[in-house]
Amino acid sequence: QVQLVESGGGLVQAGGSLRLSCAASGRGFSSYAMAWFRQAPGKEREFVAAISSTGGTTYYVDSVNGRFTISRDNAKNTASLQVNSLHAGDTAVYYCAAARTPYLRSTVNQPTGYDYWGLGTQVTVSS
């Protein structure tokens, strides 16, 4: 069992940056693939980025490629999402998720592909 807690969200101006963090407790973090999703009001939860257990493989949704960077530190049981060049369309609650597999599966961009979820952190971008 893994518990996930996100932090680092906030209010930022368009063009600004934030660093979101996901702290994991429990066993198995270093064996799990990790991902970030986001959900804007009235919209479905959307995949943002994923990283394999070793950090060797990453995958991004096209809309954030080049602006967001996912990373992890297995020694500290943390995963992070650096978000740059933010715009209003990035406003959402950002969720951290873990999958009980070291690899990025074919369901990497589907919420059903993940076994554990945090409660989210709000990111609001003002124009």
Side-chain angles (χ1 to χ4, degrees):
Q1 188 78 11
V2 172
Q3 292 79 42
L4 305 174
V5 178
E6 302 92 337
S7 62
L11 175 64
V12 62
Q13 289 188 334
S17 299
L18 288 171
R19 187 172 182 84
L20 308 182
S21 294
C22 174
S25 59
R27 304 184 66 172
F29 176 81
S30 62
S31 300
Y32 295 164
M34 299 295 296
W36 288 90
F37 285 74
R38 65 187 180 184
Q39 189 165 17
K43 295 188 176 181
E44 293 186 351
R45 193 164 295 192
E46 174 192 30
F47 169 79
V48 176
I51 188 168
S52 61
S53 64
T54 64
T57 303
T58 57
Y59 181 68
Y60 298 88
V61 67
D62 286 346
S63 61
V64 308
N65 210 355
R67 298 190 299 124
F68 291 10
T69 302
I70 190 171
S71 61
R72 66 188 298 158
D73 185 338
N74 287 343
K76 296 182 178 179
N77 276 15
T78 59
S80 298
L81 186 69
Q82 178 69 38
V83 296
N84 299 328
S85 302
L86 287 163
H87 54 67
D90 296 316
T91 294
V93 177
Y94 283 71
Y95 297 91
C96 174
R100 289 193 301 258
T101 173
Y103 309 111
L104 302 188
R105 298 182 287 201
S106 59
T107 53
V108 62
N109 61 349
Q110 301 298 317
T112 54
Y114 296 86
D115 303 291
Y116 305 107
W117 291 86
L119 296 180
T121 186
Q122 175 72 47
V123 172
T124 303
V125 184
S126 63
S127 56

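Scanning all heavy atoms of the two residues, the minimum distance from Gly9 to Thr121 falls at N-OG1, 3.1 Å. Annotation for Ala99 and Gly113: closest pair CB-O, 3.5 Å, computed over non-hydrogen atoms. Between Val2 and Ala24, the shortest heavy-atom contact is CG1-CB, 4.0 Å. The two atoms that bring Ile51 and Ser71 nearest to each other are CD1-CA, 3.7 Å, heavy atoms only. Between Ser17 and Asn84 the shortest heavy-atom distance is OG-OD1, 2.9 Å. Annotation for Ser52 and Leu104: closest pair N-CD2, 3.8 Å, computed over non-hydrogen atoms.
Cation-pi geometry between Arg72 and Phe29 is met: the NZ or CZ atom falls under 6.0 Å from the ring centre, inside 45° of the normal.
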**side chain to side chain contact (heavy atoms under 4.5 Å, CB included) assessment of Val48 paired with Leu81** = CA-CA 10 Å; Val48 176; Leu81 186 69; 4.1 Å; yes
**Asked** Could you go step by step and tell me if Tyr103 and Thr57 meet the side chain to side chain contact (heavy atoms under 4.5 Å, CB included) rule?
**Response** CA-CA 8 Å; Tyr103 309 111; Thr57 303; over 6 Å; no
**Prompt:** What's the verdict on side chain to side chain contact (heavy atoms under 4.5 Å, CB included) for Cys22 and Leu4, showing C-alpha distance, side-chain angles and the deciding distance?
**Reply:** CA-CA 6 Å; Cys22 174; Leu4 305 174; 3.9 Å; yes
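Atom OG1 of Thr78 sits about 4.5 Å away from atom CG of Asp73, to the nearest 0.5 Å. Within the model, atoms CZ of Phe68 and OG1 of Thr58 stand 14.5 Å from one another, a figure rounded to the nearest 0.5 Å. One finds the CZ atom of Arg38 at 12.0 Å from the CD atom of Gln122 (value rounded to the nearest 0.5 Å). Between Gln1 atom CD and Asp115 atom CG the span is 9.5 Å, to the nearest 0.5 Å. With rounding to the nearest 0.5 angstrom, the CG atom of Asp90 is 9.5 Å from the OG atom of Ser85. Once rounded to the nearest 0.5 Å, the distance linking CG of Leu119 with CD of Gln3 reads 11.0 Å.
The main-chain N or O of Ser53 is found under 3.5 Å from a side-chain atom of Asn74 such that the two form a donor-acceptor pair. The main-chain N or O of Ala92 is never found under 3.5 Å from a side-chain atom of Gln39 such that the two would form a donor-acceptor pair. With hydrogens and angles ignored, the 3.5 Å screen pairs no side-chain donor or acceptor of Gln82 with any backbone N or O of Thr69. A donor-acceptor contact shorter than 3.5 Å links the side chain of Tyr60 to the backbone of Ile70.
For the ring pair (Phe, Tyr, Trp, His ring centres under 6.0 Å) criterion with Phe37, the lone passing option out of Trp117, Tyr95, Tyr94 is Trp117. With Cys96 as reference, Trp36 is the one residue of Tyr114, Tyr116, Trp36 to meet the side chain to side chain contact (heavy atoms under 4.5 Å, CB included) rule.
At least one side-chain heavy atom of Ser80 sits less than 4.5 Å from a side-chain heavy atom of Ser21.
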